[in-house]
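Beneath this line is the structure, given in structure tokens, with notes to follow.
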Amino acid sequence: MKYMVIIEKGEKDYGAYVPDLPGCVAAAATRDQVIKLIKEAIELHIEGLREAGQPVPQPSSVSEFVDVNAA
């Protein structure tokens, strides 16, 4: 499975979340660390859903970069 992950750079660290898996988040000092942690978080989140007998949401989010003219 391949989920879209949003990575945001803060003043001192990075945060990541998965739109298709509400509550699935990670934070770390570097981009590489946050990517590693969000992968682990996704796996644990899905495992928890399965153990609870809940459905695992299929990946459905997409992203697109849009060019805009801004003054």
Side-chain angles (χ1 to χ4, degrees):
M1 297 176 99
K2 187 181 275 191
Y3 286 95
M4 183 178 76
V5 173
I6 305 298
I7 299 171
E8 298 176 329
K9 184 173 181 349
E11 288 185 31
K12 297 182 180 180
D13 57 7
Y14 288 82
Y17 67 95
V18 185
D20 292 324
L21 300 172
C24 187
V25 299
T30 69
R31 181 180 165 93
D32 288 341
Q33 288 174 331
V34 83
I35 290 170
K36 178 181 182 285
L37 290 176
I38 198 67
K39 286 180 183 180
E40 293 172 3
I42 291 168
E43 291 170 354
L44 289 172
H45 193 91
I46 291 172
E47 182 180 313
L49 290 171
R50 288 183 176 148
E51 287 177 359
Q54 297 179 0
V56 176
Q58 293 297 309
S60 63
S61 294
V62 296
S63 66
E64 184 71 35
F65 285 95
V66 178
D67 290 322
V68 298
N69 293 322

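For this chain, numbers begin at 1 and follow the sequence in order. None of these values were measured; they are calculated from a predicted model.
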* Structure fact -> salt bridge (Lys or Arg N to Asp or Glu O under 4.0 Å) filter on E8, not counting sequence neighbours, yields none
* Sidechain N-carboxylate O distance under 4.0 Å for E40, K36 -> yes
* Structure fact -> Here the pair of heavy atoms bringing L37 nearest to A27 is CD1-O, 3.4 Å
* Asked: Any side-chain heavy atom of K2 sitting closer than 4.5 Å to one from P59?
  -> no
* For the student: nearest non-hydrogen atoms of V62 and M4, plus distance -> C-SD, 3.4 Å
* Structure fact -> CG of L21 to CD1 of I42, rounded to nearest 0.5 Å, is 6.5 Å
* Shared hydrophobic cluster for Y3 and I35 (ILVMFWY, side-chain gaps under 4.5 Å) -> yes
* Asked: How many angstroms lie between atom NZ of K9 and atom OG1 of T30, to the nearest 0.5 angstrom?
  -> 10.5 Å
* Asked: With a 4.5 Å heavy-atom cut-off, do M1 and Q58 have their side chains touching?
  -> yes
* Taking all atoms of both residues into account, what is the closest heavy-atom pair of V34 and A26, and its distance? -> CG2-O, 3.7 Å
* Which atom pair, heavy atoms only, marks the closest approach of I6 to P19? -> CG1-CG, 4.0 Å
* Which atom of I38 lies closest to which atom of V25, heavy atoms considered -> CD1-C, 3.8 Å
* Does V18 belong to the same Ile/Leu/Val/Met/Phe/Trp/Tyr cluster as L44, with side-chain heavy atoms less than 4.5 Å apart forming each link? -> no
* Locate the shortest heavy-atom distance separating D20 from S61; write the atom from each residue and the value. => OD1-OG, 2.8 Å
